[in-house]
Amino acid sequence: MKKAKGAQPNSCARLLQAREDSDKALTPIGARANNSPEAIAAAMGQDVARMKKGMTGKDMKADRATFNKNTEDELNELDAIADREGYSAANRAMLKNTYALARYGALNKDNPDFMWTKLGIFAANTVRHGLVQSHNSADALDGLGPILPLMSGASGILGGMSVGEAAKLTRAMADETLKGQINVLKDVGGLSVMHKMYGSAAMKDAAFESMSDAARDSFKLQRQAEEARDRGDMQGFYRLQTDAAIEMGRHEQSNLQTMWDKPSMAAFSKLNAMLLKETGMALVHPDIYIGTNRDTDKTNSRNITVPQGSEDLTSLENRVNIARNGFNAINEMRQTPEGNNLLNFHPRQLGSGSRLIKPFFKPDWWKFNT
């Protein structure tokens, strides 16, 4: 049937066109004349050779330590750049997150069989949105200092905290979240590289420090997935690979539990839940955003909503449930044309540092409450 005159292309066609336009527009960051700190961070994250420098594929323990040192060296360079530029805490966080997104993009390309990073890049971008929202909210609380007493019921919204206390708690949460993100990148990013070097058969029996039972179970499932693919059983491959990613998610979230057990994180979680209940807004949303920038993506994105009852992020099982829901959603998406295009288009944007969300500019006169 001939398409009616003036009919609009479907969303899949629009996304394909956007992807084509993006590929034409986005030259490799490292080749650009743009030497901004953000471009340097993105280029650093994309550098696979530097990421693996000194890893031999012969000694798991040594290779693990080498990957971590390479990552630490890069992060120290970013800190030096941020110091030189006089960056605020918010801009420093954005710089390191830009690096993390680019590194996840590089890991996806380097080892596409390791499914965890396919969701990991979107989780890292969701963290970025949370960092932006947290720093913006803390700055807004600073500015509310003189007028909050005039707002009826405002103190109840903050759970009895002063404006200064709420702002301090919000910034502390953002700092802890960034540290957690970097630790996850080092941990699971290193396992992705080692999976490619050593193979799942060797990794499922690995016994070096920080290798958990959940991680070994993940590689056992990964091995089964690869065997299913070798037999031509792609549905079995997809299912088992997804199960492997979920187990890796349990490994990752178990390692983050120490962070969530800190009193400041528990207090923030309580404040976050109270704001969500009282105002309909939260400093951090536990959903996973499949997109680049909530402010500019329009319809070419998807939000994986947190399963009902899993909103309290201090609970390990809640966070594992959120990860399970996310990986199952990714598995479904990659088996449809439109979903698969979303999963290819947005990581290209995120991995190149293109169109990333940023904090509001805060003028010097904004902070009334000192």
Using only atom types and a distance under 3.5 Å, with no angle test, would you say the side chain of [X] pairs donor to acceptor with the backbone of [Y]?
| X | Y | answer |
| --- | --- | --- |
| N344 | N340 | yes |
| S218 | A244 | yes |
| E226 | S200 | no |
| Q46 | G351 | yes |

Modelled atom types, side-chain donor and acceptor of [X] and [Y], under 3.5 Å:
| X | Y | result |
| --- | --- | --- |
| N255 | D187 | yes |
| Y198 | D63 | yes |
| E247 | Q222 | no |
| N303 | D287 | yes |
| W116 | E252 | yes |
| N97 | R128 | yes |

* **Full working for side-chain hydrogen bond (donor to acceptor under 3.5 Å, both in side chains) between R171 and S134** => CA-CA 7 Å; R171 289 193 177 95; S134 294; over 6 Å; no
* Return each pair, listed once, that meets salt bridge (charged side-chain N to carboxylate O under 4.0 Å, His left out) where at least one residue sits in residues 90-101; pairs must be two or more places apart or across chains. => D79-R92, D79-K96, D83-R92
* Cation-pi, Y238 ring and R334 (6.0 angstrom, 45 degrees) -> no
* Could you point out which residue of M197, M194, K196 forms a side-chain contact (heavy atoms from CB on, under 4.5 Å) with N111? => K196
